[in-house]
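Below is one structure, written out as structure tokens; comments come after it.
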Amino acid sequence: MSENTQVEDLVGKQYEAGFVTDIEQETLPPGLNEDVIRHISAKKDEPEWLLDWRLAAFEHWKTMSEPNWAHVKFSAIDYQAISYFSAPKSSEDGPKSLDEVDPKLLETYKKLGIPLHEQEMLAGVAVDAIFDSVSVATTFKGKLKDAGVIFCPISEAVRDYPELVRKYLGSVVPTTDNFYAALNSAVFTDGSFVFIPKGVRCPMELSTYFRINAANTGQFERTLIIAEEGSHVSYLEGCTAPQRDENQLHAAVVELVALDDAQIKYSTVQNWYPGDENGVGGIYNFVTKRGDCRGARSRISWTQVETGSAITWKYPSCILRGDDSVGEFYSVALTKMHQQADTGTKMVHLGKNTTSTIISKGIAAGFGQQSYRGLVHIGKNADGARNHTQCDSLLLGSNCGAHTFPYVEVKNPTATMEHEATTSKIGDDQLFYCRQRGISEEDAVNLIVNGFCKDVFNNLPMEFAVEANRLMEVSLEGAVG
Amino acid sequence: MLKIDDLHVAVDGKEILKGIDLHIGAGEVHAIMGPNGSGKSTLANVIAGRDGYEITAGSIRFHNNDLLEMNPEERAWAGVFLAFQYPVEIPGVNNVYLLKAGLNARRKAAGLSELDAIEFMQLVREKARLVELDDAFLSRGVNEGFSGGEKKRNEIFQMAVLEPTLAILDETDSGLDIDALRVVAKGVNALRSAERSIVMVTHYQRLLDYIEPDAVHVLADGRILKSGDKHLALELEKRGYDWVREEANV
Ligand SMILES: Nc1ncnc2c1ncn2[C@@H]1O[C@H](COP(=O)(O)OP(=O)(O)OP(=O)(O)O)[C@@H](O)[C@H]1O
Ligand SMILES: [Mg+2]
């Protein structure tokens, strides 16, 4: 076998989630207008106020233009060529009990390593499975309900807990926040809703698994997590999509609210289809994620492992409003082939003695482009605020690039700021050292990259840390040498 | 065992090794001494298979293997070990994990079963005791934040675990305190056996007080200018290298 076909084989092997589920779907024709929004809203049986909210967002969106400051390149998206709603026919009447879920869907998730039958699942992880525009199953609902925890599709929450949704929806990311958030507000279809009442420690990990299946559709999910006073929750999210030559848009909004002494840990393993080795196809992942540490001593922690998508535009952020609140951002982003990632965080310190930590690890291989973009803002009343930022980049090869754009705004002289940044090439001397000890080149690359990411992986829940390690290995196959 | 014949090596078009002949039998310990920049590390790296060197002539045979045809990991599996002059740090990679991956890869290549975590930890503890390495170093990142001497001791620890048949120690004695030197010697002497060969690159006769060599070679200007027994090292310590050069007419 020649060198080239070997490499191609590896590249072909790389994206394991690239299959399509053959299932009858109801998909709206492409295009975006008020009728489409009314249709989505009607499909979900939404109250009047939510339809009005969507329409107002749409009106505003029409006045906005796409942000152009990110270090990414792509040809213009035709928003009229996208379909804004697609759902498996079988789930027409909303999520059912597991026994009634279409076996093809169960099979799909099983193939992705997410069995939805509770007895087969990882003990201690509840899953909401979202397939294109709808939630197809949520597990362990009963057990969670006993603890007072609400974990359900957001469309269901709109029906069953309208006052909670109305109170918090858009309170962290307003509909006018940015181009993609406005679009999401107008057309969002499903997502997860989590409510942890006062004083409750959520008895299990909650997770949502997003799957894009239909062609030419966008996925616009909306997630809202509310942790009341003194409550704790750990939430995980995973994503995959079929392998296709067209780019597909995924524009999500995630809002977190932590009241006094509450803690939210939000982890993402993002493995959307990255496109092929020539840069054809792949998901555009344009996501707004923000957490509001609304209460004193609250804590929000974002951990993300981003290996997929053709383009990632994503800045999970924390508004540190409550005194003594803590925000954390731990990120590993890998770009290979022609992937581009512009990702980072915003830490907005408003309360006194607020603390934030940013650890970002960017890895670029092939023709991948990797940018860290971060803002640390210290407001004028934020006495005693502290930030520690560390952003490291690792380059594998010489055609890739890594860039850092750290922005700092300090309006209070008592702030303590630390910033460290490094860029390194995966060292020939490190590789040789490992190989001299008997480790093959490919294993050595994995070892070194995993070591580089360790500070971040350590922050993932156990089950996900293993998954993240494996994902990095698969993603790195054929990326070097 | 190890047979190097007429080895010529260039870096960036500049010839560094200009015809090395070196034969080391099983069970033998050879010391290589020589001025700075004479090519000692180059020789050690070329034996271990490091990239970036152009082999313009000559051969290196080890047992029945043509080493120059093998990649670094294959050489390691064949029993070649290099204790680096400057051990590199690999942040976040657990010291013992690296060793386990290396050892098991070698066992696999030899058709042996991989050691499980318990067997491996037993071996590791035993060898750590041998080289008096504190357990705390086992779980740290590879050489991460180690002092110069600690890095060297870690190399000897790795050697003890991997039990190579050809160990090349590139200035493992440099920068060691007296106790550490004794420990390194203990590690090397424990490895000495009829099947193993050891090459020690050193600047100091002192190491040879602890590890008695079967032969001492002077490498200068890319050639082995003189070979002798342990007395040569004593003489070099007294007289330096110029007389060797003069004698060899270079
Ligand atoms: N990668 C390289 N690029 C350029 N020159 C090199 C390279 N590697 C080695 N050299 C040169 O080759 C010569 C021999 O170097 P080497 O490291 O083998 O010396 P040494 O005998 O080990 O010296 P020391 O006793 O100082 O460790 C030196 O002049 C060195 O600068
Ligand atoms: Mg040297």
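Each chain gets a letter, A, B and so on, in the order its sequence line appears, and its residues count up from 1.
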For chain A, the option from B:Gly92, B:Ala101, B:Ala105, B:Gly52 that forms the most heavy-atom pairs under 4.5 Å: B:Gly92

Are more than 12 heavy atoms, taken from residues, nucleotides or ligands other than A:Arg386, located less than 6.0 Å from that residue's CZ atom? no

Counting only heavy atoms not in B:Lys186 (residues, nucleotides, ligands), do more than 12 fall under 6.0 Å from its NZ? yes

Given B:Ile90, B:Leu103, B:Leu99, the one with more heavy-atom pairs under 4.5 angstrom with chain A than any other is B:Ile90

Are A:Arg435 and B:Asn71 close enough that some pair of their side-chain heavy atoms sits under 4.5 Å apart? yes

Contact between A:Gln436 and B:Pro72 at the side-chain level, heavy atoms closer than 4.5 Å - yes or no? no

Residues of residues 147-165 of chain B with a heavy atom under 4.5 Å from any heavy atom of chain A, in residue-number order, are B:Glu155, B:Gln158, B:Leu162

Counting heavy-atom pairs under 4.5 Å with chain B, the top scorer among A:Asn458, A:Ile439, A:Ile448, A:Asp428 is A:Ile439

Sole residue of B:Val142, B:Val93, B:Asn94 in side chain to side chain contact (heavy atoms under 4.5 Å, CB included) with A:Leu447: B:Val93

Expected contact set for residues 108-123 of chain B against chain A at heavy-atom separation under 4.5 Å reads none

Over 12 non-hydrogen atoms of neighbours within 6.0 angstrom of NZ in A:Lys265: yes

Using the side chain to side chain contact (heavy atoms under 4.5 Å, CB included) rule, take A:Tyr433 and B:Leu98 through it: C-alpha gap first, then chi angles, then the decisive distance, then the call. CA-CA 10 Å; A:Tyr433 191 90; B:Leu98 174 114; 4.2 Å; yes

Do the ring centers of A:Phe432 and B:Phe84 come within less than 6.0 Å of each other? yes

What part of B:Arg75 gets within 4.5 angstrom of chain A, counting heavy atoms only: side chain, backbone, both, or neither? neither

Between B:Tyr97 and chain A, with a heavy-atom cut-off of 4.5 Å, which part of the residue counts as in contact: side chain, backbone, both or neither? side chain

Per-residue contact mode, B:Val80 against chain A (heavy atom under 4.5 angstrom): both

Chain B contact via A:Asp429 - side chain, backbone, both or neither, heavy atoms under 4.5 Å: both

